[in-house]
**Student:** 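Here you go, one structure.
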Amino acid sequence: MTSFKSDFLQVMQSRGFIHQCSDLETLDAKLSSGPQSAYIGFDATAKSFHVGNLVQIMMLYWFQQTGNKPYTLMGGGTTKVGDPSGKDEMRKMLTDEAIDDNITALQNVFAQFLTYGSGETDAVMVNNDEWLKDIQYIPFLRDFGKHFSINRMLTFESVKQRLDREQSLSFLEFNYMILQGYDFVELNKRHDVILQMGGSDQWGNILNGVELGRKSAQAELFALTTPLITTSSGAKMGKTADGAVWLSKDMLPAYDYYQFWRNCDDADVGRFLKIFTTLPISEIDRLEKLEGQEINEAKKILAFEATKLCHDEQSATDAAKTALEVFEKGGTGDELPSIAYDKSTLEQGVAFIDITCDLGLTKSKGEARRIIQQGGAKVNDNPIADPAHTISTADFSDDGQVKISTSKKKHALVLVKSA
RNA sequence: GGAGGGAUGGUCGAGUGGUUAAUGGCACCGGAUUGUAAAUCCGGCUCCUUCGGGAUACGCAGGUUCAAAUCCUGCUCCCUCCA
């Protein structure tokens with residue numbers, strides 16, 4: 001399994017996207033015979049994707065870049081059911097409106113990575129609610145239910161885990177895998193989609209679709225999964241101090257997104273460059289060889305490229321500039337989070353702990369006090385020790401701002417509200 | 001429907017009448033060290049506070065007691081076995 005004929009699989013292979021595939025050879029032949037369609041299903045449980053979804057999105061990106069047609073399937077219908085994979089407890093039920101809102105928001109995130117439209121290789125958005133909502137129970141059971149073996153379903157990891165842990169698995173959730181399999185068949189029927197991709201945790205679910213396609217429609221379908229991307233310390237990707245690393249600007253500013261990548265582990269740099277940037281492999285090979293202090297250069301490139309992809313070049317440049325100012329020169333930058341107060345308010349002084357809470361740097365005043373006591377708090381880079389410290393007009397520099405910090409990495413600006 | 005087991009802080013998991021804002025692990029936060037890395041070490045981890053304290057908290061609602069996460073009653077949810 002060294003080289004593929006199709007561009008897509010070559011890219012996937014060389015960048016480390018491939019974990020499992022149902023039939024690489026036949027798939028390769030198909031892909032090199034002309035444009036094909038593939039899809040990845042996404043949940044509609046949140047308003048934005050986070051970096052955990054990024055591998056999948058990148059896979060679609062490359063699929064499109066190599067001349068194929070990607071489909072993004074929104075699980076409007078299946079979200080109502082809930083995927084038991086990797087969940088300890090039953091998911092909260094979302095209302096239809098909430099799901100629709102989420103889908104609208106998610107489309108904007110996709111649009112950063114994929115080109116939508118009606119052209120030959122333009123991406124298409126579909127929602128499985130379209131065909132799931134009108135399913136007739138009895139005909140569905142008769143046509144598709146007969147192809148599923150409970151014996152086999154019980155051996156699935158997602159189901160087994162729940163049973164082993166003595167956690168309830170509702171019939172509703174148990175049906176998730178059937179519906180997901182049905183999605184694949186339906187997409188094949190409607191749009192000639194022949195490939196479903198996803199994370200390795202979706203392997204079982206995807207295979208169900210492949211099998212269902214064969215049994216119910218004699219269709220030849222393929223499954224391709226990515227490895228589960230974890231940090232070298234073994235943690236799942238996507239969580240930081242303040243929660244998930246969201247891909248949408250509204251949920252996470254570009255500067256913070258940049259910082260997330262900038263702060264990755266040494267050991268992850270090469271892998272991440274391959275998966276989360278579009279730099280040529282040859283360039284990545286070079287960067288990967290950097291060691292010690294020099295690896296920081298590679299991290300900056302990773303952060304810049306990743307930010308450029310997800311947001312835009314300007315945001316990436318700004319974020320990089322701010323990071324440079326703040327971390328290497330000890331100054332300030334435009335992209336730091338900031339908050340403005342009225343002049344009159346500032347003349348009376350505002351408590352440091354109130355400012356950090358307003359900015360969201362601390363969750364409570366108690367936490368802010370603790371940080372001060374432990375020496376993490378600084379005003380204009382001067383440590384403060386008094387929990388009751390206030391910021392007033394005297395602290396402002398000539399350009400009308402005060403830099404406050406709650407740790408070596410978290411900085412923000414206080415400004416005067418312009419009338 | 002019957003019998004038994006269970007629900008503790010972000011999570012896992014101790015605690016079975018008072019010194020328990022609740023042991024410990026993980027996660028997380030601040031510091032030291034460093035390279036905005038890892039590893040390590042130190043400190044912290046309910047909220048408010050004029051730093052004296054105050055207010056909430058062990059599934060939910062009542063009760064017993066000077067005193068309850070711990071005992072009693074009812075309810076909700078989960079698990080196991082039986083039907």
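Every chain is numbered from 1 and lettered A, B, ... according to where its sequence line falls, protein lines coming before strand lines.
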**Student:** Could you tell me whether the side chain of Ser338(A) and the main chain of Leu413(A) form a donor-acceptor pair under 3.5 Å?
**Tutor:**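 No.
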
**Student:** Can you tell me how far NZ of Lys408(A) sits from NZ of Lys378(A), rounded to the nearest 0.5 angstrom?
**Tutor:** 8.0 Å

**Student:** Taking the P atom of each, how far is G74(B) from U23(B), in whole Å?
**Tutor:**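 Taking atom P in both G74(B) and U23(B), they lie 32 Å apart.
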
**Student:** Considering only the P atoms, how many Å lie between A27(B) and G17(B), rounded to the nearest integer?
**Tutor:** 34 Å

**Student:** Is the Trp261(A) ring parallel, tilted or perpendicular to the Phe276(A) ring (thresholds 30°, 60°)?
**Tutor:** tilted

**Student:** Which whole-number value in Å describes the distance from Ile371(A) CD1 to G30(B) C1'?
**Tutor:** 6 Å

**Student:** In which stems does RNA chain B show up, taking only runs of three or more Watson-Crick or G-U wobble pairs whose two distances fall under 3.5 Å?
**Tutor:**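 Correct response: B:1-7 with B:76-82, B:10-12 with B:24-26, B:28-32 with B:40-44, B:46-48 with B:53-55, B:59-63 with B:71-75.
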
**Student:** Run the side-chain contact (heavy atoms from CB on, under 4.5 Å) check on Ile372(A) and Ile353(A) step by step: do they pass?
**Tutor:** CA-CA 9 Å; Ile372(A) 293 172; Ile353(A) 56 174; 3.9 Å; yes

**Student:** Report yes if a side-chain nitrogen or oxygen of Lys410(A) is closer than 4.0 Å to either non-bridging phosphate oxygen (OP1 or OP2) of G30(B); otherwise report no.
**Tutor:** yes

**Student:** For U40(B) versus G54(B), give the span between their C1' atoms, rounded off to a whole number of Å.
**Tutor:** 40 Å

**Student:** Answer yes or no: does a side-chain N or O of Lys365(A) lie under 4.0 Å from OP1 or OP2 of U49(B)?
**Tutor:** yes

**Student:** If I pick the P atom on G44(B) and the same atom on A68(B), what distance separates them, to the nearest angstrom?
**Tutor:** 29 Å

**Student:** For the side chain of Lys408(A) and the base of U34(B), is some donor closer than 3.5 Å to an acceptor across the two?
**Tutor:** yes

**Student:** Please examine the side chains of Gln64(A) and Pro70(A), heavy atoms only from C-beta on, and report whether any two atoms are closer than 4.5 Å.
**Tutor:** yes

**Student:** Only pairs at least two apart or in different chains count here, so list each side-chain hydrogen bond (donor to acceptor under 3.5 Å, both in side chains) that has a residue in residues 388-398 of chain A.
**Tutor:**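 Matches after skipping sequence neighbours: Ser397(A)-Asp399(A).
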
**Student:** Would you say A37(B) has OP1 or OP2 under 4.0 Å from some side-chain N or O of Lys409(A)?
**Tutor:**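 So the side chain of Lys409(A) is within the cut-off, an N or O lying under 4.0 Å from OP1 or OP2 of A37(B).
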
**Student:** Verify, without hydrogens or angle tests, whether Asn188(A) (side chain) and Val193(A) (backbone) share a donor-acceptor contact under 3.5 angstrom.
**Tutor:** yes

**Student:** Please measure how far the P atom in G9(B) lies from the corresponding atom in A61(B), and state the result in whole Å.
**Tutor:**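 One P to the other, the span is 15 Å.
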
**Student:** Enumerate the protein-to-nucleotides 44-46 of chain B contacts in which both atoms are nitrogen or oxygen and the separation is below 3.5 Å.
**Tutor:**
unit_1 : atom_1 : unit_2    : atom_2 : d
G44(B) : O4'    : Gln374(A) : OE1    : 3.3

**Student:** For U64(B) versus G31(B), give the span between their C1' atoms, rounded off to a whole number of Å.
**Tutor:** 50 Å

**Student:** Using atom P of each nucleotide, how far apart are C45(B) and A39(B) to the nearest Å?
**Tutor:** 23 Å

